Structures are given as C-alpha cells and as structure tokens.
S.K.: 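Please find one structure pasted underneath; my questions will follow.
Not measured: the values here are computed from a predicted model.
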Amino acid sequence: MARPPEFDADAVLETVMQLFCGRGCEATSVQDLVEATGLNRSSLYNRFGEKHALFLAALERYVQRNETRLQAVLEAPGPKKPALRRLLEGQIEANLSGAANGCLVANTTIELAPHDPEAARIIADNQARMEAVLHKALQEAQATGEIGLRHEPRALARFLYSMMQGLNVTLRATQDRALLQNIVDVALSCLD
C-alpha cells in the first residue's frame, strides 16, 4: 500500500489562512485551496476534514496569533496608551503595505457568525479573550494616571475591541491613510 505523501500541516494552514483572509470562506472553493496548497483534495480532506473544518482550523490559528500579538504589545512594560497607538497604527500599516490580507475575524463575524454556530463560538471566545487583555492594560493605565477615569475599563475594552474590528472593515473599503489615522486619533481621545 502506498504511503500518503508527507507535507507540512502548519505551512498548509498558514497558506489557507491567508487565502480565507482575502476571500472569505464562502468565496474560497476547494479548488482554490488545492491550487494554493499544491495538495490534492484527498490529502486536504484526510488531514483537515472538509472545507468548513479547514476553515475553522485556520480561524483558530488566526485568533491565537492575534491574541499573542495583542498580549505582547499590551503586557510589555511601559505606558499603555502609546502601546495602543502602535497596535492600531500597525493594523493600518500592515493593511496598507499589503503585509495583511484583511482580517479573518472581521470577515467571519460578518460572513458566517450569524448562521454558523461553530464560527460564532470562535469569534465570541476571541472577543472575550481580547477584551480581557485590553481590560487589564486599561486598568493598569488608569491606576497609574496615564488615562482618565471618565470611563470604566471594561467598557473601554469593549469599545476598543469593537473599534478595532470596525477599523478592519474600513480598511477593506479605503486606503486613505488620513481618514484611518483620524479614526485612531478619535478612538484614543476617549482614553483622556
């Protein structure tokens, strides 16, 4: 019996994650996945399951990566408000430079979450974890007097998470750096 070909599952997941980021789940065909990965359908199905299971695995990888990045920026020593600015401006820069291919969380929230319970669960779990990281950073910033006390840190965390997702959607519609920078400036002004 022939042994199935070996391949790097992490590299395949990275490739399909980028494909789903740019096209979404529904607009990405199995043939698109085959062409992007260089694998045949049976190899993809045997390792990852059908397209939906592969999509969910890519989504899980994406949210884990974003959470790690958010933690690295906001849990580093130093002031939190400049860290938030770097995070948001980095989000803009990555998209404008072509380093990012859209946001899989924002795309999935719009495309699948309303009718796909598994995708909705991943999105909700991601939101809770991201808000928790933001909340902790905002609590620290309020405790040191870096940001004002006008808003409760949990509410600010929810606002910033929602703003970040809205910024991702706006990035799909415009490349206007000044407009995008204005959004960041106004959002961060809420922290004064």
S.K.: Looking at OG1 of T108 and CD1 of I123, how far apart are the two atoms once the value is rounded to the nearest 0.5 Å?
M.R.: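 With rounding to 0.5 Å, OG1 (T108) is 5.0 Å from CD1 (I123).
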S.K.: What is the minimum heavy-atom distance between F48 and A9, and which atoms define it?
M.R.: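 In this case the closest contact between F48 and A9 is CZ-O, 3.8 Å.
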S.K.: What pairs with A187 under side-chain contact (heavy atoms from CB on, under 4.5 Å), at least two apart in sequence or on another chain?
M.R.: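 For A187, the residues satisfying side-chain contact (heavy atoms from CB on, under 4.5 Å) (neighbours in sequence not counted) are F159, M163.
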S.K.: Tell me every residue that passes side-chain contact (heavy atoms from CB on, under 4.5 Å) with I110, counting only those two or more places apart in sequence or in another chain.
M.R.: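 In terms of side-chain contact (heavy atoms from CB on, under 4.5 Å), with neighbours along the sequence ignored, I110 is linked to V169.
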S.K.: Kindly determine whether L84 and L191 satisfy side-chain contact (heavy atoms from CB on, under 4.5 Å), including the steps that lead there.
M.R.: CA-CA 10 Å; L84 283 166; L191 302 180; 3.7 Å; yes
S.K.: Checking E131 against Q127: is there a side-chain donor and acceptor pair closer than 3.5 Å?
M.R.: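 Short answer, yes.
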S.K.: Taking side-chain contact (heavy atoms from CB on, under 4.5 Å) as the definition, give me every residue that meets it alongside T15, ordered by chain and number, with sequence neighbours left out.
M.R.: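 Testing T15 for side-chain contact (heavy atoms from CB on, under 4.5 Å), a comparison that skips the adjacent residues, returns A36, T37.
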S.K.: Identify the two heavy atoms, one from C103 and one from Q165, that lie closest to each other, and give their separation to 0.1 Å.
M.R.: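 Looks like SG-OE1, 3.8 Å.
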S.K.: What pairs of residues pass the salt bridge (charged side-chain N to carboxylate O under 4.0 Å, His left out) test when at least one of them lies in residues 24-51, not counting sequence neighbours?
M.R.: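 As it turns out, the salt bridge (charged side-chain N to carboxylate O under 4.0 Å, His left out) pairs with a partner in residues 24-51, which skip direct neighbours, are R23-D32.
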S.K.: For residues 66-76, which residue pairs qualify under side chain to side chain donor-acceptor pair (under 3.5 Å), counting only residues two or more places apart or in two chains?
M.R.: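 Qualifying pairs: E67-R129.
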S.K.: At their closest point, which heavy atom of C190 faces which heavy atom of L156, and how far apart are they?
M.R.: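 Of all heavy-atom pairs spanning C190 and L156, the closest is O-CD2, 4.0 Å.
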S.K.: Indicate the atoms forming the closest heavy-atom contact of A57 with L13, along with that distance.
M.R.: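 Minimum heavy-atom separation between A57 and L13: CB-CD1, 3.9 Å.
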S.K.: Regarding D10 and R61, does a basic nitrogen lie under 4.0 Å from an acidic carboxylate oxygen?
M.R.: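 Judged by the 4.0 Å cut-off on N to carboxylate O distance, D10 and R61 do form a salt bridge.
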S.K.: Apply side chain to side chain donor-acceptor pair (under 3.5 Å) to N126 and list each qualifying residue two or more places apart in sequence or on a separate chain.
M.R.: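 Partners of N126 under the side chain to side chain donor-acceptor pair (under 3.5 Å) test: Y161.
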S.K.: Scan side-chain atoms only and decide if D185 and Q181 contain a donor-acceptor pair under the 3.5 Å cut-off.
M.R.: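 Side-chain D/A pair, D185 to Q181: present.
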S.K.: Does N107 use its side chain to pair, donor to acceptor, with the backbone of G24 at less than 3.5 Å?
M.R.: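 Answer holds: no.
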S.K.: Decide yes or no on side-chain contact (heavy atoms from CB on, under 4.5 Å) for L54 and Y45, but give the supporting numbers first.
M.R.: CA-CA 8 Å; L54 180 56; Y45 289 145; over 6 Å; no
S.K.: Starting at SG of C25, measure out to CG of D116 and round the result to the nearest 0.5 Å.
M.R.: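 So the gap between those two atoms works out to 7.5 Å.
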S.K.: Could I get the full list of side chain to side chain donor-acceptor pair (under 3.5 Å) partners for E93, not counting sequence neighbours?
M.R.: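 Residues passing side chain to side chain donor-acceptor pair (under 3.5 Å) with E93: R177.
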S.K.: Could you pull out the closest heavy-atom pair between N95 and G102, with the gap in Å?
M.R.: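 For N95 versus G102, the nearest heavy atoms are OD1-N, 3.6 Å.
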S.K.: Rounded to the nearest 0.5 Å, what separates atom CG in L56 from atom CD in E118?
M.R.: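 Reported value, rounded in 0.5 Å steps: 5.0 Å.
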S.K.: Under 3.5 Å, which donor-acceptor pairs do the side chains of residues 133-142 form with other protein atoms, sequence neighbours left out?
M.R.:
from	atom 1	to	atom 2	distance (Å)
H135	ND1	R154	NH2	3.4
Q142	NE2	G148	O	2.8
Q142	NE2	H151	O	2.7

S.K.: Could you walk me through whether L87 and M164 pass the side-chain contact (heavy atoms from CB on, under 4.5 Å) test, one step at a time?
M.R.: CA-CA 10 Å; L87 186 76; M164 291 166 72; 3.8 Å; yes
S.K.: Which residues satisfy the ring pair (Phe, Tyr, Trp, His ring centres under 6.0 Å) test with F20, sequence neighbours excluded?
M.R.: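 F20: ring pair (Phe, Tyr, Trp, His ring centres under 6.0 Å) contacts with F55.
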S.K.: Using the test side chain to side chain donor-acceptor pair (under 3.5 Å), find all partners of R65 that sit at least two apart in sequence or belong to another chain.
M.R.: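 Testing R65 for side chain to side chain donor-acceptor pair (under 3.5 Å), a comparison that skips the adjacent residues, returns E14.
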S.K.: Taking side chain as C-beta onward, heavy atoms only, is L88 less than 4.5 Å from I92?
M.R.: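 Not in contact.
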S.K.: When you check the side-chain N and O atoms of T174 and D176, is any donor under 3.5 Å from an acceptor?
M.R.: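 Their side chains do not contain a donor-acceptor pair, so the 3.5 Å distance test is not met.
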S.K.: Below 4.5 Å, heavy atoms only, C-beta onward: do T170 and L179 meet side chain to side chain?
M.R.: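 T170 vs L179: side chains touch.
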S.K.: Report the distance from atom CG of L188 to atom NZ of K81, rounding to the nearest 0.5 Å.
M.R.: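 Going from the CG atom of L188 to the NZ atom of K81 covers 6.5 Å.
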S.K.: List the residues meeting side chain to side chain donor-acceptor pair (under 3.5 Å) with R172, not counting sequence neighbours, and say none if there are none.
M.R.: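 Partners of R172 by the side chain to side chain donor-acceptor pair (under 3.5 Å) criterion come out as none, since no residue qualifies.
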S.K.: Side-chain contact, heavy-atom cut-off 4.5 Å: E146 with P82?
M.R.: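 Yes, side chains in contact.
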S.K.: Between D192 and S189, is there a side-chain donor-acceptor contact under 3.5 Å, judged purely by atom types and distance?
M.R.: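 Not at all, the side chains of S189 and D192 share no donor-acceptor pair under 3.5 Å.
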S.K.: Would you mind listing the cluster partners of V186? Hydrophobic ones only (ILVMFWY), side-chain contacts under 4.5 Å, chaining allowed.
M.R.: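 The other cluster members (ILVMFWY side chains, heavy atoms under 4.5 Å, direct or chained): none.
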S.K.: Quick check for you: to the nearest 0.5 Å, what is the distance between Q91 atom CD and N168 atom CG?
M.R.: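 Interatomic distance, Q91 CD to N168 CG, rounded to 0.5 Å: 4.0 Å.
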S.K.: Could you measure the distance from the CG atom of L96 to the CD atom of E89? Nearest 0.5 Å is fine.
M.R.: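 One gets 11.5 Å once the value is rounded to the nearest 0.5 Å.
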S.K.: Which atom names give the shortest non-hydrogen contact between V63 and V105, and what distance separates them?
M.R.: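 What the structure gives for the nearest pair is CG1-CG2, 3.4 Å.
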